[in-house]
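Residue numbering restarts at 1 for every chain, and letters A, B, ... go by the order of the sequence lines.
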There are 2 protein chains.
Amino acid sequence: MENQQQLYNQYQKIKRFVSVDCVIFGYEQDQLKLLLFKRIIPPAQGEWSLIGGWLQEDESAETAAMRVLQYITGLTDIYLEQVHVFSKPDRDPGGSVLTVVFNALIRVEKHSNQLIEKFGAKWFAIDEVPPLIFDHDEMFKIAFDKLRLKGTYNLIGRQLLPEKFTITQLRNLYNAIFQKQFDPGNFRKKVLSLKMLEQLEEKDMSESKKGAFYFRFKDIEDSNLYEPIFRNAIKL
Amino acid sequence: MENQQQLYNQYQKIKRFVSVDCVIFGYEQDQLKLLLFKRIIPPAQGEWSLIGGWLQEDESAETAAMRVLQYITGLTDIYLEQVHVFSKPDRDPGGSVLTVVFNALIRVEKHSNQLIEKFGAKWFAIDEVPPLIFDHDEMFKIAFDKLRLKGTYNLIGRQLLPEKFTITQLRNLYNAIFQKQFDPGNFRKKVLSLKMLEQLEEKDMSESKKGAFYFRFKDIEDSNLYEPIFRNAIKL
DNA sequence: ACAAAAGTGTTAGCCGTACACCCATGT
DNA sequence: ACATGGGTGTACGGCTAACACTTTTGT
């Protein structure tokens, strides 16, 4: 028993700087996009990076990430999900910093572009992401992998697509996430079989002569959490 | 642009205590088990908890978790995986602490029971876990869910089973993880079709008259990372 | 011979995939 | 009428789940 005591005593409580970084995904013009920021302070000034911030005294990591995102986009109620913690003591040139990385899913249409321009931000198509500072490249890779994994057992889109959307738009989102072309007919049948969407009266007439019915996500939370949806979306 | 500056300046770099907690899984006697510790210091003295420790100056969270596990079990090369970060400022009665939770997978047979007894530790069957201190209940739940999710697209067992094991043992592990009975014949065929195991000459004669061939995991790392294996293991 | 676990074979049904086909409508 | 995307139907192949069946050997 004295050994457990030792485990607690031998090593001190030591404080460390804690920050959050946000991998902000958006969807626009049939493309999955990533919001990046041109760093305005040294080191690595002028290079692209994720946006982040320092954890304050009375904040959880989630709260801090939300605060940063709200400040940048003006949006409240952004969807957040923890991705990974980066904590190697030498990972940040400015000293030992522990960083919690979050995925943030945003409706691009909803937020003001002016706000974003003020911060030197730019949306990049997911397959045209430039090199990022420090270990942000790895952060993005892990974050994107996590988003894709989630997409195989959860229907993604509630937070990325507009309130009402067509099945084709949803399919384009999946095409973008998994970088493959889903079969239109099969995708429709699969998605509707999940009974997570409800069809609206209204049609979108902008994409075709016939028009496509709008759908929206039902109000229930994403339930069947572990049911495989697109089983073979990610290939070897 | 001045606004991004503001985001960096307005909020200070503030340090916070950082700890790690380990959800230690083991497998013994056809049961998935969790290693818990009787807390010897106030508050909540005498109650069961996960084991943890303080992050030191020159450590990553992974290093700290590994140090704690090594100290407890005497093992090196323990399999670790990040689970989640808990960082609500009021979650620890002793002050604002950010905790990184890890899953640790251990071969029960390999480590000394004496070491564990010295620390007031005890293995609990996964369905007989007692109430835990603070938010450790939630930590365990999230950690177990994560292990199960992983089990649906990865073959779990490399780190939990002995070096050589029978298919029946592997199946019992999956029975324990998913709390259901996998069909012996189908499980065997499925697992072998993954070509991740190699059959040894030797047989285990202890469980049956006929004897069962031992298998071992091939040396390659767990590759086909996203291929669904047991698609419907977790039911709604 | 029997029991009991190991291991193989068989079948029916479900599901994913590919692709043909019809629908509605603006030009 | 025809081109275009929306939406439905079908047919094949592979996989899963259930379970029957064979093998092996200690008692």
So, is the end of the B:K180 side chain (NZ or CZ) under 6.0 Å from the ring centre of B:F182 and within 45° of the ring's axis?
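Geometry flag: set, cation within 6.0 Å and 45°.
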NZ or CZ of B:R67 within 45° of B:Y71 ring axis and under 6.0 Å:
no
Phosphate-side-chain proximity, B:R188 and C:dA6, N/O vs OP1/OP2 below 4.0 Å:
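Indeed not, no polar side-chain atom of B:R188 lies that close.
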D:dG6, OP1 or OP2 - any side-chain N/O from A:T168 closer than 4.0 Å?
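Yes.
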Candidate nucleotides [options], ranked by approach to the side chain of [X] - the nearest:
X	options	value
B:K190	D:dT16, D:dT25, C:dG26	D:dT16
A:K209	C:dT17, C:dC23, D:dT4	D:dT4
A:N186	D:dG7, C:dA18, D:dT24	C:dA18
B:D183	C:dT25, D:dC19, C:dA6	D:dC19

Mind calculating the distance between [atom1] ([X]) and [atom2] ([N]) to the nearest angstrom?
X	N	atom1	atom2	answer
A:D204	C:dG26	CG	P	13 Å
B:E207	D:dT25	CD	P	17 Å
B:K189	D:dC19	NZ	P	14 Å
B:K203	C:dG7	NZ	P	6 Å
B:L197	C:dG7	CG	P	13 Å
B:F182	D:dA18	CZ	P	12 Å
B:F178	D:dA17	CZ	P	13 Å
A:L194	C:dG16	CG	C1'	14 Å

Of A:F124, A:F140, A:W123, the residue whose pairing with A:W48 passes ring-ring contact (aromatic ring centres under 6.0 Å, His included):
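In the set A:F124, A:F140, A:W123, the residue that makes a ring-ring contact (aromatic ring centres under 6.0 Å, His included) with A:W48 is A:F124.
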Measuring from atom CD1 of B:I78 to atom CG of B:L69, what distance do you get when rounded to the nearest 0.5 angstrom?
4.5 Å
Do the ring centers of B:F217 and B:F165 come within less than 6.0 Å of each other?
yes
Tell me what B:G211 touches on the nucleic acid: a base, only sugar-phosphate, or nothing, going by heavy atoms under 4.0 Å.
sugar-phosphate
Indicate, yes or no, whether a donor-acceptor pair under 3.5 Å links the base of C:dA6 to the side chain of B:K210.
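Donor-acceptor pair under 3.5 Å: yes.
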